[in-house]
Amino acid sequence: GSVQEGTPSEDAWSRLRSRLSASIATAQPRVLEQGGMLALVGSTGVGKTTTINRLALRQIRRMGPESVTLATLDQQRIGAHKQLQTFGQMAGIPVMLLESERDLIALAARAGNGRLVLIDTEGQAARDAAERRLFAQVRHQIPLETWLVIPATHQAGVLRQVLQAFQSCEPSALVLSCLLYTSRLSLIH
């Protein structure tokens, strides 16, 4: 309604992006400022690994390469560990392949005091996610925050299904991925 007929398309998109951005509540999560362990969960192909790479670059710019460690539990997708390993080598940061959730307990010593451990998880179909309580055995032993990554392009019905399916992962935030015309991450608490 705020875009007048005849407005150049670039201006129209700019106004639309501004209005949409203003209507989405965002927060600066404490884990990004103070450090800790952060696992990204979501369906296959939603942008978890890409989001982890962007968060790692942000942390490197703020605190240096020694302040971030990458880890993955994804042993399902061919080349998933290699993708993170390649990024880690380019960025000069360690990347660990975790054999089980128990390995997270040992990794927890690297987190906190500004140090961030970013954990990439295997993608799961929304229908399968409810059957598995991610990190259930170690969640009570270590401080671990989870964020759910979802594409901004999901329709409302699909979004409700995904939110319900990943509720057992206890996400404290949503990351909207696949945003058109912007490269900024949007976090919703």
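Note: hydrogens, waters and symmetry copies are ignored here, and every other heavy atom, side chains too, is used. Note that the numbering runs from 1 along the sequence shown for the chain.
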* To do: Report yes if some heavy atom in the side chain of Met37 is under 4.5 Å from a heavy atom in the side chain of Leu104; otherwise report no.
  => yes
Arg62 meets the salt bridge (Lys or Arg N to Asp or Glu O under 4.0 Å) criterion, sequence neighbours left out, with Glu33
Hits for side-chain hydrogen bond (donor to acceptor under 3.5 Å, both in side chains) against Glu66, two or more places apart or cross-chain, chain-then-number order -> none
Notebook entry, point to check: Do side-chain atoms of Thr50 reach the backbone of Gly47 as a donor and acceptor pair under 3.5 angstrom?
Noted result: no
Taken in chain and number order and not counting sequence neighbours, the residues that satisfy side chain to side chain contact (heavy atoms under 4.5 Å, CB included) with Thr69 are Pro94, Met96, Leu107, Arg110, Val117
**Message:** When you measure from the side chain of Thr146 to the backbone of Glu170, do you find a donor-acceptor pair of N or O atoms at a distance under 3.5 Å?
**Reply:** yes
Taken in chain and number order and not counting sequence neighbours, the residues that satisfy side chain to side chain contact (heavy atoms under 4.5 Å, CB included) with Gln34 are Arg30
- request: Indicate whether the side chain of Thr49 and that of Gln83 have a donor and an acceptor atom separated by less than 3.5 Å.
  value: no
Does the Ser18 side chain pair with the main chain of Ser14, one donor and one acceptor, at a distance under 3.5 Å?
-> yes
Residues passing the side chain to side chain contact (heavy atoms under 4.5 Å, CB included) test with Arg15, sequence neighbours excluded, are Val3, Thr7
Notebook entry, point to check: When you look at Leu40 and Leu118, which way does the side-chain contact (heavy atoms from CB on, under 4.5 Å) test go after all the steps?
Noted result: CA-CA 8 Å; Leu40 298 187; Leu118 297 168; over 6 Å; no
Residues at least two apart in sequence or cross-chain that pass side chain to side chain contact (heavy atoms under 4.5 Å, CB included) with Pro151, listed by chain then number, are Val46, Thr153, His154, Ser177, Cys178
Is there a side-chain contact between Leu57 and Asn53 (heavy atoms, below 4.5 Å)? no
>> Quick check on the hydrophobic clustering: are Met63 and Ile93 connected, directly or via other members, by side-chain heavy-atom contacts under 4.5 Å?
In response: no
Rounded to the nearest 0.5 angstrom, the CG-OG1 distance for Leu55 and Thr51 is 6.5 Å
*Show your working on side-chain contact (heavy atoms from CB on, under 4.5 Å) between Thr72 and Leu98 and close with a plain yes or no.*
CA-CA 6 Å; Thr72 183; Leu98 305 176; over 6 Å; no
Exercise. Examine distances only and state if a side-chain atom of Lys48 and a backbone atom of Ile119 form a donor-acceptor pair shorter than 3.5 Å.
Key: no
